[in-house]
Amino acid sequence: MSTLVRFENTERVYQLGERKVQALYPLNLTIDNDEFVMILGPSGSGKTTMMNMLAGMDSPTGGHLYVGDEEVSAMSREQLVEYRRQNVGVVFQFFNLIPNLTALENIQFVVELTGSSGDAHKALDAVGLAKRQHHFPHELSGGEQQRVAIARALVKEPPILLGDEPTGNLDVATGQRVLKIFQDI
Ligand code: ADP
Ligand code: MG
């Protein structure tokens with residue numbers, strides 16, 4: 001297996017006036033291609049901070065972050081936009097679907113934005129939701145909405161699929177089904 005992600009003394013400090021908040025202490029971690037990693041820790045321990053940096057939504061204040069041959073921590077804002085578009089799919093705790101688009105349209109929207117060759121129908125089918133393609137988010141259960149969100153994250157076939165507490169808003173049984181989809185992927 002080859003290394004895909006490398007955190008090297010990566011840290012994130014917020015300066016709030018006089019006060020420094022260490023959101024993430026220097027982190028050293030490598031993740032291989034095709035590896036499935038779970039990060040566990042109490043609330044406030046820096047899980048979201050770490051993931052946001054890997055997602056290209058935030059930048060470290062110290063250390064380095066590499067993905068493949070590229071140093072994400074050295075990228076400009078414009079480069080990060082392109083990095084996000086090509087490399088990362090994110091599944092959030094509260095789904096974050098666009099409410100006035102159907103399940104299918106939520107996914108097609110990403111295909112258009114990224115110019116990927118992904119197939120929205122296939123992506124929905126992969127999470128077992130082909131029959132719900134014309135439903136709006138409010139017409140879907142929490143578990144179904146999260147499956148749409150997974151399909152949306154997957155359709156551009158990113159090398160990195162991130163979930164930030166993707167089962168945190170679901171009951172245990174539904175959460176286990178969603179986790180199983182992640183495992184299968
Ligand atoms: P987790 O996801 O593990 O619950 P977070 O990464 O959200 O933890 O937060 C880690 C720490 O960083 C917390 O103490 C939080 O209060 C702090 N933090 C997060 N975002 C900010 C911010 N924008 N400004 C100041 N402190 C922040
Ligand atoms: Mg968090």
Side-chain angles (χ1 to χ4, degrees), residues 3-32 35-68 70-85 87-99 106 110 127 137 140-154 156 158-183 185:
T3 299
L4 179 62
V5 174
R6 193 150 51 92
F7 286 91
E8 213 176 81
N9 292 316
T10 319
E11 66 178 322
R12 180 65 165 100
V13 178
Y14 288 100
Q15 189 77 47
L16 298 178
E18 300 277 275
R19 215 163 57 87
K20 274 188 175 163
V21 178
Q22 184 96 35
L24 183 71
Y25 285 88
L27 171 70
N28 288 286
L29 172 72
T30 58
I31 302 172
D32 288 337
E35 196 173 358
F36 180 32
V37 178
M38 286 213 198
I39 313 280
L40 305 179
S43 182
S45 60
K47 305 181 297 294
T48 294
T49 302
M50 173 210 169
M51 246 183 285
N52 284 347
M53 293 193 296
L54 187 51
M57 298 192 285
D58 188 17
S59 295
T61 51
H64 305 274
L65 169 60
Y66 302 92
V67 172
E70 296 192 282
E71 180 172 1
V72 179
S73 49
M75 288 181 184
S76 67
R77 290 184 81 87
E78 289 73 23
Q79 288 172 315
L80 283 174
V81 170
E82 200 50 32
Y83 166 78
R84 282 199 294 271
R85 212 172 260 171
N87 292 278
V88 204
V90 189
V91 178
F92 299 95
Q93 181 173 354
F94 295 104
F95 324 137
N96 293 0
L97 298 175
I98 300 174
N106 262 278
V110 170
V127 295
L140 297 169
S141 71
E144 288 170 340
Q145 288 183 60
Q146 197 59 308
R147 276 146 69 192
V148 175
I150 294 173
R152 177 182 60 179
L154 279 178
K156 59 183 178 178
I160 301 173
L161 175 62
L162 291 171
D164 191 354
E165 306 207 29
T167 64
N169 198 37
L170 303 173
D171 63 76
V172 173
T174 308
Q176 280 171 348
R177 279 201 290 279
V178 163
L179 215 52
K180 175 78 167 50
I181 296 175
F182 272 89
Q183 279 174 322
I185 293 162

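Remember, it's 1-based here, ligands and their atoms both numbered in the order they're listed. No hydrogens, no waters, no symmetry mates; every other heavy atom, side chains included, goes into these values.
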Can a donor-acceptor pair be found, under 3.5 Å and without considering hydrogens, that links the side chain of [X] to the backbone of [Y]?
{"X": "Asp32", "Y": "Glu35", "value": "no"}
{"X": "Gln146", "Y": "Phe92", "value": "yes"}
{"X": "Ser76", "Y": "Gln79", "value": "yes"}
{"X": "Lys20", "Y": "Val13", "value": "no"}
{"X": "Thr10", "Y": "Leu65", "value": "no"}
{"X": "Lys156", "Y": "Asn87", "value": "no"}

Nearest heavy-atom approach of Pro137 to Asn106 is CG-ND2, 4.1 Å
Leu97 to Arg152 - nearest heavy-atom pair and separation: CA-NH1, 3.8 Å
Hey, is ligand 1 close enough to [X] that some N/O pair sits below 3.5 Å?
{"X": "Gln22", "value": "no"}
{"X": "Ala23", "value": "no"}
{"X": "Leu16", "value": "no"}

Determine if the distance from atom 11 (C) of ligand 1 to the closest protein heavy atom is below 4.0 Å. yes
Just to confirm, does any protein heavy atom lie below 4.0 Å from atom 4 (O) of ligand 1? yes
Salt bridge present between Arg147 and Glu144 (N-O < 4.0 angstrom): no
Sort out for me which residue in Thr61, Thr49, Asp58, Asn52 forms a side-chain hydrogen bond (donor to acceptor under 3.5 Å, both in side chains) with Arg12. Asp58
For the Mg ion (ligand 2), every protein N/O/S atom that sits closer than 2.8 Å, waters excluded: Thr48 OG1
side-chain contact (heavy atoms from CB on, under 4.5 Å) between Val67 and Leu54, intermediate numbers included: CA-CA 8 Å; Val67 172; Leu54 187 51; 3.9 Å; yes
Option of least heavy-atom distance to atom 7 (O) of ligand 1 (set: Leu24, Ile39, Thr48): Thr48
Identity and separation of the nearest protein heavy atom to [atom]:
{"atom": "atom 8 (O) of ligand 1", "result": "Gly46 N, 3.2 Å"}
{"atom": "atom 9 (O) of ligand 1", "result": "Thr49 OG1, 3.8 Å"}
{"atom": "atom 17 (C) of ligand 1", "result": "Val21 CG1, 4.0 Å"}
{"atom": "atom 1 (P) of ligand 1", "result": "Gly44 N, 3.5 Å"}
{"atom": "atom 21 (C) of ligand 1", "result": "Tyr14 CE1, 3.2 Å"}

Run the numbers on Phe95 and Asn169 for side-chain contact (heavy atoms from CB on, under 4.5 Å), then give the verdict. CA-CA 9 Å; Phe95 324 137; Asn169 198 37; 3.9 Å; yes
For Pro42, the ligand 1 atoms with a heavy-atom partner under 4.0 Å come out as 3 (O)
Looking at ligand 1, would Gly41 count as a contact under a 4.0 Å heavy-atom criterion? no
